[in-house]
Amino acid sequence: MTARIAPSVLSADLGRLREQVERAVEGGAEWIHVDVMDGHFVPNLSFGAPIIRALRRITDRPLDVHLMVEHPESYIADYADAGANVFTFHPEATVHVQRHLAAARERGMLAGLALNPASPLALVEEALDDLDLVLIMSVNPGYGGQSYLPQASDKLRRTRALLDRAGSRAVLEVDGGITPETIAEAWNAGADTFVAGTAVFGGADPAEAVRELQRRCAVPV
């Protein structure tokens, strides 16, 4: 098994979006990650359905949409129609979490829950049967380019153990501060999918950046 890299277009040059996404895919990126922020749940604004539609025209790779917004259920239909393949939201941002997970699945998307650094695993434990993905935030969300929080590794280990005990096949994704220097630690803690923004799009060649992240996970420790 190789690490699944999901480059975040939050760090891409939007004027060169097609070029940069295509290069990342050439390097082996399996998913493309889209961060949606509303300026309320997190202190920043970012993308919505138009960027999802634009990316859908650029690539056939799954579009991994992470909603850092209040009332994420309001976006299920629009994002499914725009071409999203993964719909992940924060349980604190809404009520009736299970209902919204089911609604995302009914629209043909994988359904995920994201946990902030201080959010307990109990928030996903009762919903495991309804989850296709658990996203562990290894930074406090809202901005790109932050440093990996060391305590995220322990949370990844506990989440992996929880999924394994339940016999869950859910993806275990990590987002925040993923670089060639930190990815192996998260990989060894149990993550299988890695959101990387600056590490992929902040350099000269997104393709080589993706390959380097994958290589770091292939080296035994």
Heavy-atom pair of closest approach, residues [X] and [Y]:
X    : Y    : answer
L128 : L163 : CD2-CD2, 3.7 Å
N85  : R61  : OD1-O, 4.1 Å
F201 : S11  : CB-O, 3.4 Å
H100 : I76  : O-CD1, 3.7 Å
P91  : L115 : CG-CD2, 4.2 Å
F47  : V36  : O-CG1, 3.2 Å

*How about E22 and T59: does a side-chain donor come under 3.5 Å of a side-chain acceptor?*
no
*Only pairs at least two apart or in different chains count here, so list each salt bridge (Lys or Arg N to Asp or Glu O under 4.0 Å) that has a residue in residues 115-136.*
R105-D132
Residues that [X] engages under ring-ring contact (aromatic ring centres under 6.0 Å, His included), provided they are two or more places apart:
X    : value
H90  : F41, H66
Y148 : none
Y75  : Y79

*Answer yes or no on whether R4 is positioned over the face of W31, meaning its NZ or CZ is under 6.0 Å from the six-membered ring centre and within 45° of the axis.*
yes
Using a 3.5 Å distance criterion without hydrogens, assess whether the side chain of [X] forms a donor-acceptor pair with backbone atoms of [Y].
X    : Y    : answer
T182 : G177 : yes
D192 : V171 : no
D64  : A6   : no
N116 : A118 : no
S138 : G176 : yes
Q146 : N140 : yes

Approximate separation, where rounding is to 0.5 Å, of [X] [atom1] and [Y] [atom2]:
X    : Y    : atom1 : atom2 : result
L121 : I136 : CG    : CD1   : 6.0 Å
S168 : L162 : OG    : CG    : 8.0 Å
Q20  : D13  : CD    : CG    : 5.5 Å
E173 : I178 : CD    : CD1   : 10.0 Å
L213 : T179 : CG    : OG1   : 7.5 Å
E212 : I183 : CD    : CD1   : 9.5 Å

*Above 12 or not: heavy atoms from other molecules or residues under 6.0 Å from CZ of R99?*
no
*Evaluation steps, side-chain hydrogen bond (donor to acceptor under 3.5 Å, both in side chains), between T2 and Q214*: CA-CA 7 Å; T2 59; Q214 291 172 328; 5.1 Å; no
Quick one, [X] and [Y] - any side-chain contact, counting heavy atoms below 4.5 Å?
X    : Y    : answer
D175 : D35  : yes
L156 : V174 : yes
E70  : D38  : yes
E19  : R16  : yes

*Show the numbers, then the answer: is there a side chain to side chain contact (heavy atoms under 4.5 Å, CB included) between V65 and M109?*
CA-CA 10 Å; V65 180; M109 298 182 288; over 6 Å; no
Between side-chain atoms of residues 204-211 and protein atoms elsewhere (two or more places apart, or another chain), which donor-acceptor pairs fall under 3.5 Å?
residue : atom : partner : partner atom : Å
D205    : OD1  : R23     : NE           : 3.2
D205    : OD1  : R23     : NH2          : 2.8
D205    : OD1  : A207    : N            : 3.0
D205    : OD2  : R23     : NH2          : 2.9
E208    : OE2  : R215    : NH2          : 2.3

*Working for side chain to side chain contact (heavy atoms under 4.5 Å, CB included), residues L55 and I51*: CA-CA 6 Å; L55 287 164; I51 196 72; 4.2 Å; yes
Going hydrophobic residue to hydrophobic residue with side-chain gaps under 4.5 angstrom, can you get from [X] over to [Y]?
X    : Y    : answer
V95  : F89  : no
M37  : V195 : no
L172 : L149 : no

*Only counting residues at least two apart or in another chain, list the ones meeting salt bridge (Lys or Arg N to Asp or Glu O under 4.0 Å) with E181.*
none
*Decide yes or no on side chain to side chain contact (heavy atoms under 4.5 Å, CB included) for T88 and L113, but give the supporting numbers first.*
CA-CA 5 Å; T88 299; L113 288 178; 5.6 Å; no
*Where do L123 and E92 land on the side chain to side chain contact (heavy atoms under 4.5 Å, CB included) test, with the steps shown first?*
CA-CA 8 Å; L123 289 174; E92 302 98 326; 3.6 Å; yes
